[in-house]
Undergrad: 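Quick one: the structure is below, and I'll ask about it shortly.
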Amino acid sequence: MDEQQAQEKHSTLEQILAQRKEKIAKIREMGFEPYPYAFEITHKSKAVTEDFAELEGKSVSVAGRLMTIRRMGKAAFAHIQDTEGRIQLYLSKNDIGDNAYAMFALLDIGDIVGVRGQVMKTRTGEITVKADELTLLSKNIRPLPIVKEKDGVVYDAFADKELRYRHRYLDLIVNPEVKDVFIKRAAILRATREFFDSRDYLEVETPILQPLYGGANARPFITHHNSLDTDLYLRIADELYLKRLIVGGFDKVYEFSRNFRNEGMDRNHNPEFTAIEFYEAYVDYFYMMDLVENYFRSIAEALGTPQIEYQGESIDFSKPFARRTMADLFREYLDIDLAVADEKSFAAWADKRAFEYDPKWNYGQFLDKLFDEFIEPKLQQPTFVLDYPKAISPLAKVRRDGDTRFVERFELFICGAEYVNAFSELNDPLDQRERLESQDRLRALGDEEAQTLDEDFIRAIETGMPPTGGVGIGLDRVIMLFTGQNSIKDVLLFPAMRPEKLS
RNA sequence: GGGUGUGUAGCUCAGCCGGUAGAGCAGCGGCCUUUUAAGCCGUUGGUCGAAGGUUCGAUUCCUUCCACACUCACCA
């Protein structure tokens, strides 16, 4: 007694851990193995409740994590939770035997158990497995957050976002609705793959470690290859590699691309995120617009939700998406005529509206900033925005009507946020070289996000790339949209966090 | 980077005008064979995010720092 037992009475976290380790020893002394190798399950919790009519009185074998325990001397009720839900257990000393019941007395919320027993209904009508046999499958030593619930009201919810993100396993255990988001995420990825596979697209994998980074405007993560003694970059996009494949003769390719961008983090940005890029030879951006529209429609259908609510806006994917040119939108929202506008007139306009700008901005930058500030938030219903300034789109073909200030590029906006970026891909090698050289010059002048000149990519284009339509979609945002989440952290299982300081 | 807010027990939270901390759940010891936020009796558990400062005295006031959230900027 005395010292050790006095110690055991304390219940700081460390003491709780010590107590539970002691329980493991006791359980072994009683002849039970706290960490056995397997357990045969006949029914998931959901199957027991759904098929109750058939199963009543029959023997089933279920397993899961103990989430509630209500002991009443020689009998107890408990709930176990498995992937699909919860089922109540009834354990009585008579049925499982003195020894197993004594072992059960040492169990805690968070332990994983298997039970074989009869399906029944309790006096209050809850479907329950009346245990004949109890098997401990894994003894927990670290206490779970205790979340209680009554009549649909949750008490003491595990709500601290930092803890939820850092210890996602706990979040998944005690906040079951979190699971649904990730199940839906998987469904969206599956539907995406089916969408492209069924259209004869080839799924490909291209390097994540790249000697040069390109295909987007962003700062990269840099790493080092020891045996090559060379720096490599984590890709910011896979665009330039997919185009090489188009050159190589794969006419339709797509890739789920985990991209890495060394930039700010917020509700819409995580340093690593998932895009899908797809390229198709012999088509232009009009064709791709139709494809993208069909893509969103097919995802909505796959999820069985042709209409969704997001941030207070009702979106009906069965309706056609709006298509507006930049010129249109500037005329409508800002009363600016892009055909005659220039830096001076933009500046004058900005002065009038007290909009802060950098006098060094060129035509393209002005247009970009004014669009972001004044037009983007207005685009709530799905809207394709067509024709971006050439200066900010070095990989897109200029407009076919001869207005060389603009390129054939579209972005898709929903609820004021961008989801898709696409071009009629530039396949004129001379033009391409010029544009990337001009990006290179910008970078030399300190624009860290300007694109790099990748000679091998130029060589590929020089080899001859067919006319091609290309699209990138930010999948995390698509998932946010369809799961109703407003932070990217809530659709990533392990969002980026500052490393935890373990003192 | 700026602004706002938060940080107290394993979890969820109180703590007034400064006098070194409370509750519920969990834990521990009991009672209890149809409970379900089970109940009842008893009980342990805290470097009050960190470091300074003011003060006789700081969880409380001030400063700095750290972490997180929200937000703005930057950024797809």
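Letters A, B, ... are given to chains in the order of the sequence lines, protein chains preceding strands, and every chain is numbered from 1. Bear in mind that the values here come from a model prediction, so they are computed numbers and not experimental data.
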Undergrad: A:Phe77 side chain: which of B:U34, B:G27, B:A69 is closest?
TA: B:U34
Undergrad: Applying a 3.5 Å limit to both distances, which nucleotide forms a Watson-Crick or G-U wobble pair with B:C31?
TA: B:G39
Undergrad: Could you check if a side-chain atom of A:Asp98 sits within less than 4.5 angstrom of a side-chain atom of A:Lys93, using non-hydrogen atoms only?
TA: yes
Undergrad: Checking side chain to side chain contact (heavy atoms under 4.5 Å, CB included) for the pair A:Lys184/A:Asp180: CA distance, chi angles, key distance, verdict?
TA: CA-CA 6 Å; A:Lys184 226 170 189 179; A:Asp180 298 339; over 6 Å; no
Undergrad: Of the nucleotides B:C11, B:A26, B:A37, which one has an atom closest to the side chain of A:Pro145?
TA: B:C11
Undergrad: Quick one: which of B:A69, B:U35, B:G10 gets closest to the side chain of A:Met497?
TA: B:A69
Undergrad: Among A:Ile488, A:Asp490, A:Asn270, A:Asp476, find the residue that satisfies the side chain to side chain contact (heavy atoms under 4.5 Å, CB included) test when tested with A:Pro495.
TA: A:Asn270
Undergrad: Between atom CD in A:Glu14 and atom P in B:C28, what is the gap in whole Å?
TA: 17 Å
Undergrad: Find the distance A:Asp160:CG to B:U8:C1' and express it as a whole number of Å.
TA: 13 Å
Undergrad: Establish, yes or no, whether a centroid distance under 6.0 Å links the rings of A:Phe482 and A:Phe317.
TA: yes
Undergrad: Base, sugar-phosphate, or nothing for A:Ala218, non-hydrogen atoms under 4.0 angstrom?
TA: sugar-phosphate
Undergrad: Would you indicate which nucleotide in B:C68, B:A26, B:U35 comes nearest to any side-chain atom of A:Glu126?
TA: B:U35
Undergrad: For A:Glu309, I'd like to know if atom CD has over 12 heavy atoms of other residues, nucleotides or ligands within 6.0 Å.
TA: yes
Undergrad: For B:A9 and B:U4, measure between their C1' atoms and round to the nearest Å.
TA: 28 Å
Undergrad: Contacts to RNA chain B from residues 263-272 of chain A, heavy-atom cutoff under 4.0 Å, which residues?
TA: A:Glu263, A:Asp266, A:Arg267, A:His269
Undergrad: For this output row, return yes or no: ring centroids of A:Phe413 and A:Phe371 closer than 6.0 angstrom.
TA: yes
Undergrad: Need the pair for B:C68. Rule: Watson-Crick or G-U wobble, both distances under 3.5 Å, any strand; none if unpaired.
TA: B:G5
Undergrad: Nearest to the side chain of A:Glu373, which nucleotide is it out of B:A26, B:A73, B:U33?
TA: B:A73
Undergrad: Do the side-chain N or O atoms of A:Lys369 get closer than 4.0 angstrom to the phosphate oxygens (OP1, OP2) of B:C75?
TA: yes
Undergrad: Categorize A:Ala157 for me: base, sugar-phosphate, or nothing, with a 4.0 angstrom heavy-atom threshold over every strand shown.
TA: sugar-phosphate
Undergrad: Do the side chain of A:Gln15 and the base of B:U44 come within less than 3.5 angstrom through a donor-acceptor pair of N or O atoms?
TA: no
Undergrad: Which value, in whole Å, describes the distance between the C1' atoms of nucleotides B:U8 and B:G24?
TA: 15 Å
Undergrad: Which of these nucleotides, B:A67, B:U33, B:C25, is closest to any side-chain atom of A:Asn94?
TA: B:U33
Undergrad: If you compare every side-chain N and O of A:Lys23 against the phosphate oxygens of B:C28 (OP1, OP2), does one of them come in below 4.0 Å?
TA: yes
Undergrad: Measure from the side chain of A:Gln88, starting at C-beta and using heavy atoms only, and say which of B:A26, B:U12, B:U35 lies closest.
TA: B:U35
Undergrad: Tell me which nucleotide among B:C25, B:G27, B:U33 gets nearest to the side chain of A:Ser92.
TA: B:U33
Undergrad: Can you tell which of A:Arg71, A:Lys23, A:Arg65 makes a salt bridge (charged side-chain N to carboxylate O under 4.0 Å, His left out) with A:Asp108?
TA: A:Lys23
Undergrad: Counting only side-chain heavy atoms from C-beta out, which of B:U12, B:C70, B:U34 sits nearest to A:Arg123?
TA: B:U34
Undergrad: Closest-nucleotide mapping onto RNA chain B: is A:Ala159 or A:Glu411 further toward the 5' terminus? I mean the 5' end.
TA: A:Ala159
Undergrad: State which of B:C28, B:C11, B:A37 makes the closest approach to the side chain of A:Phe158.
TA: B:C11
Undergrad: Return the pairing partner of B:A26 with a 3.5 Å limit on both distances, Watson-Crick or G-U wobble; otherwise return none.
TA: none
Undergrad: Report yes if at least one side-chain N or O of A:Lys148 is closer than 4.0 Å to OP1 or OP2 of B:A38; otherwise report no.
TA: yes
Undergrad: Taking 4.0 Å as the cut-off, does a side-chain nitrogen or oxygen of A:Arg142 come that near to OP1 or OP2 on B:G10?
TA: no
Undergrad: With P as the reference atom in both, quote the distance from B:C72 to B:A38 in angstrom, rounded to an integer.
TA: 41 Å
Undergrad: With a cut-off of less than 4.0 Å, is there a side-chain N or O of A:Lys150 near OP1 or OP2 of B:A38?
TA: no
Undergrad: B:U71 and B:C65: how far apart are their C1' atoms, nearest whole angstrom?
TA: 22 Å
Undergrad: In whole angstrom, give the distance that lies between atom CZ of A:Phe273 and atom P of B:C75.
TA: 15 Å
Undergrad: Where along residues 63-75 of chain A does a heavy atom fall under 4.0 Å from RNA chain B?
TA: A:Arg70, A:Arg71, A:Met72, A:Gly73, A:Lys74, A:Ala75
Undergrad: Go through the N and O atoms of the side chain of A:Tyr90 and the base of B:U33, and report whether any donor-acceptor pair is under 3.5 Å.
TA: yes
Undergrad: Verify side-chain hydrogen bond (donor to acceptor under 3.5 Å, both in side chains) between A:Ser257 and A:Asn259, making sure each step is shown before the conclusion.
TA: CA-CA 6 Å; A:Ser257 181; A:Asn259 295 332; 2.6 Å; yes
Undergrad: With rounding to the closest Å, how many angstrom separate the P atoms on B:U44 and B:G22?
TA: 12 Å
Undergrad: For B:U20, which nucleotide is its Watson-Crick or G-U wobble mate, given both distances must be under 3.5 Å?
TA: none
Undergrad: May I ask you to check whether over 12 heavy atoms, not counting those of A:Arg142, lie within 6.0 Å of atom CZ?
TA: no
Undergrad: Suppose we define a pair by two distances each less than 3.5 Å, Watson-Crick or G-U wobble; what does B:U44 pair with here?
TA: none
Undergrad: Let's go through A:Phe374 and A:Tyr333 carefully: what are the C-alpha distance in whole Å and the side-chain angles of both, what is the deciding distance for ring pair (Phe, Tyr, Trp, His ring centres under 6.0 Å) to 0.1 Å, and is it a yes or a no?
TA: CA-CA 7 Å; A:Phe374 296 104; A:Tyr333 290 105; over 10 Å; no
Undergrad: When syn is taken as a glycosidic angle within 90 degrees of 0, is B:C17 syn or anti?
TA: syn
Undergrad: Please give the distance between the C1' atoms of B:G19 and B:C11 as a whole number of Å.
TA: 30 Å
Undergrad: My understanding is that only residues two or more places apart in sequence, or in another chain, count here; which of them pass ring pair (Phe, Tyr, Trp, His ring centres under 6.0 Å) with A:Tyr213?
TA: A:Tyr233
